[in-house]
Amino acid sequence: MEVSLFFHNFAAQIINLLLTNKTKMLMKQILRYSLVALLAVMGFGNAMAENVIWQENWTGWTEQVKGVLDGVNPNYTFTGTVLKDDGTFKSGTTIYNENLAGGEAPELLVAKNGGSFTATVALGGKSGDMTLSFKCNKNIPVEVTGGTIGENTGSGNDYVYAISGASGTLTIKFNNSTSANARLDNIKLFQGEGKKPAGLSWGTSARTVTIGADDNIFPTLSNENNLAVTYNSSETSVATIAADGTITLVTAGTTVITASSEETAEFEAGHAQYTLTVKEAQGGGGGEEQIEQITVAKALEIAGALADNGYSDKEYQIKGFVVGTPAIDKKNDGTFYGNAKFYMADTKGGTETIYAYQIYGLNGEKMESEDYLKENDEVIVQGKLQKYVKGETTTLEIAKGGKIVSLNGKTGINNITADQLNSGAVYNVAGQMVTDSYKGLVIKNGKKTIQK
């Protein structure tokens with residue numbers, strides 16, 4: 001033991017003698033620089049870590065807060081909400097259980113033509129450079145008070161803004177000055193280096209194609225970061241999408257096409273979707289298939305047996321009477337959207353009703369007057385049936401985009417003779433004779449015109 005210790009000390013002395021003073025100084029400098037570099041890396045790592053100051057993805061918000069958004073969070077204000085005469089929500093800025101912005105449902109719809117969302121964020125002592133990121137399906141302006149905002153450096157539905165000089169309290173306003181509703185989600189204000197947005201985008205929120213058509217054009221996914229993507233079709237009975245993104249049309253209807261990517265060390269999870277409407281093939285020489293006409297009771301039975309948010313495999317013609325006052329909504333400029341929402345029953349004033357959602361008029365015409373459709377009108381509505389589920393609420397309905405094929409026994413202007421059309425009398429597009437005081441689209445002396 002003593003011999004071993006002797007030789008160990010002897011060897012150490014020899015090495016110490018061999019090292020010059022210059023070598024010793026060099027080794028000390030290397031050690032010092034290594035320690036400084038280690039501390040710098042540790043400090044750099046802390047600076048690079050994402051430090052979230054405020055975020056909002058609407059988790060926990062529901063559509064039941066429509067019309068009372070201002071009372072949910074005292075630091076948030078909203079504009080653009082339109083209420084009915086009874087104070088309930090009609091249209092505009094509100095929460096929707098959808099994900100058109102590219103995040104996860106729910107999301108905020110910011111009303112077109114000036115709707116806005118403003119958040120007042122206390123920075124909790126933090127100041128200086130920050131980053132604001134969010135998802136939106138429209139390019140809407142962002143204003144900041146309490147700091148200076150730069151240009152957007154994101155892509156697709158992902159928006160990223162650098163904010164400098166922030167201190168105290170930051171007020172962030174999203175103002176939708178576009179002529180279309182915008183969807184807003186996954187808002188985050190942070191310091192440091194956050195993960196990059198995935199950058200997935202279809203470039204559109206909706207597309208309509210026709211079975212068998214040669215000119216169908218499907219949206220192309222923008223995936224500039226070359227992320228691994230998974231595709232999905234919400235209604236495979238309407239259209240399927242393969243692993244490479246190829247779409248196969250099956251039958252007429254509506255489906256939501258989605259592209260998703262997983263979160264990685266560098267990128268956030270990605271999500272992009274659009275609504276694909278598939279129409280029946282045109283022509284074909286075999287004649288049109290006879291569409292089954294059913295009662296409201298039968299329609300309720302069929303819709304009730306569907307899976308949640310599922311559609312019927314085919315269209316039906318549902319015959320019944322309008323219950324209550326139809327909602328023929330107007331735009332902010334006073335013009336009409338062209339469709340109506342109403343309830344139908346097998347008898348006038350019936351209580352067993354099915355909801356007809358955004359239905360168009362005879363011959364697919366837009367409804368251009370509040371007098372187009374009234375309570376107790378007898379109608380036949382053609383469309384697919386849907387079991388629409390949101391939260392704990394289930395609505396059995398005639399799906400969006402259906403059309404009236406008969407109104408009070410009239411099947412459209414085509415039933416009126418040429419002599420009648422040219423007699424000077426005024427008809428609406430339902431084939432009903434109306435007075436000169438009727439407002440909307442009419443046929444007079446064989447020509448379409450709008451009476452104001």
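Atom set for the values below is all heavy atoms of this structure, side chains included, hydrogens, waters and symmetry mates excluded.
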Nearest-0.5 Å distance, OH of residue Y311 to OG1 of residue T254
5.0 Å
For the student: nearest non-hydrogen atoms of P219 and T204, plus distance:
CG-CG2, 3.6 Å
F190 vs Q55 side-chain heavy atoms within contact, under 4.5 Å:
no
For side chain to side chain contact (heavy atoms under 4.5 Å, CB included), just list the numbers for I172 and I149, CA-CA rounded to whole Å, side-chain angles, deciding distance to a tenth of an Å, and then say yes or no.
CA-CA 10 Å; I172 305 171; I149 189 168; over 6 Å; no
If you count every heavy atom of other residues, nucleotides or ligands that lies below 6.0 Å from Q293 atom CD, does the total exceed 12?
yes
Using a 4.5 Å cut-off on heavy atoms from C-beta on, say whether the side chain of V209 contacts that of L276.
yes
Kindly give the heavy-atom pair with the smallest separation between Y360 and G338, and that separation in Å.
CD2-O, 3.4 Å
Answer with yes or no after comparing the ring centroid distance for Y388 and Y355 against a 6.0 Å cut-off, counting only values under it.
no
Any chance you could lay out the side chain to side chain contact (heavy atoms under 4.5 Å, CB included) test for N75 and V121, step after step, and finish with the verdict?
CA-CA 7 Å; N75 297 318; V121 181; over 6 Å; no
Compare all side-chain heavy atoms of K112 with those of S179 and state whether any distance is below 4.5 angstrom.
no
Please tell me if the side chains of Y159 and N139 come closer than 4.5 Å, counting only heavy atoms from C-beta onward.
yes
Any side-chain heavy-atom pair of W61 and L108 under 4.5 Å
no
Give the intermediate values and the outcome of side chain to side chain contact (heavy atoms under 4.5 Å, CB included) for residues T93 and F117.
CA-CA 8 Å; T93 302; F117 162 60; 5.8 Å; no
V296 vs I318 side-chain heavy atoms within contact, under 4.5 Å
yes
How many angstroms lie between atom CG of D346 and atom OG1 of T295, to the nearest 0.5 angstrom?
4.5 Å
Does N225 have more than 12 heavy atoms from other residues, nucleotides or ligands lying within 6.0 Å of its CG?
yes
Will you find, in the side chains of T79 and S116, an N or O donor that is under 3.5 Å from an N or O acceptor?
yes
M344 to K319 - nearest heavy-atom pair and separation
CE-C, 4.0 Å
Where I247 and A239 come nearest, the two heavy atoms and their spacing:
CG2-CB, 4.2 Å
Short question: side chain of N51, backbone of Q191 - any donor-acceptor pair under 3.5 Å?
no
Flag side-chain contact, heavy atom, 4.5 Å: T171 against K173:
no
Which pairs with one or both residues in residues 200-229 pass ring-ring contact (aromatic ring centres under 6.0 Å, His included), sequence neighbours excluded?
W202-Y274
For the CG atom of D185 and the CD atom of E56, what is their distance to the nearest 0.5 Å?
8.5 Å
Indicate the atoms forming the closest heavy-atom contact of N157 with S201, along with that distance.
OD1-OG, 4.0 Å
Going by the angle between their ring planes, with limits at 30° and 60°, are Y161 and F134 parallel, tilted or perpendicular?
parallel
I need the minimum non-hydrogen distance between N137 and R183, along with the two atoms involved.
OD1-N, 2.7 Å
Under 3.5 Å: donor-acceptor pair, side chain of N176, backbone of A111:
yes
To the nearest 0.5 Å, atom CD1 of I404 lies from atom CD of Q382 at 12.0 Å
Does anything in residues 141-155 form a side-chain hydrogen bond (donor to acceptor under 3.5 Å, both in side chains)? List the pairs, not counting sequence neighbours.
S155-E224
Are any side-chain N or O atoms of T394 and backbone N or O atoms of V389, one a donor and one an acceptor, separated by less than 3.5 Å?
no
Is K135 salt-bridged to E107, going by a charged N under 4.0 Å from an acidic O?
no
Please determine if K188 and E268 form a salt bridge, counting it only when a charged side-chain N lies under 4.0 Å from a carboxylate O.
yes
Side chains of L396 and K387, heavy atoms from C-beta outward: is any pair under 4.5 Å?
yes
If you count the non-hydrogen atoms of other residues, nucleotides and ligands that lie under 6.0 Å from CD in E375, is the total more than 12?
yes
Look at the aromatic rings of Y76 and W58 and report parallel, tilted or perpendicular, splitting at 30° and 60°.
perpendicular
Say you draw a straight line from CZ of F342 to CD1 of I354; how long is it, rounded to the nearest 0.5 Å?
10.5 Å
Check: S164 main-chain N/O paired with D129 side-chain donor or acceptor under 3.5 Å:
no
Chi angles and distances behind the side chain to side chain contact (heavy atoms under 4.5 Å, CB included) call for R207, I257:
CA-CA 10 Å; R207 181 63 53 87; I257 301 297; over 6 Å; no
Name all pairs fulfilling the side-chain hydrogen bond (donor to acceptor under 3.5 Å, both in side chains) condition that reach into residues 231-244, sequence neighbours left out, sorted by first residue then second.
S233-T255, S234-T255, D244-T246
Distance col, row I187:CD1 vs L132:CG, nearest 0.5 angstrom, shows 7.5 Å
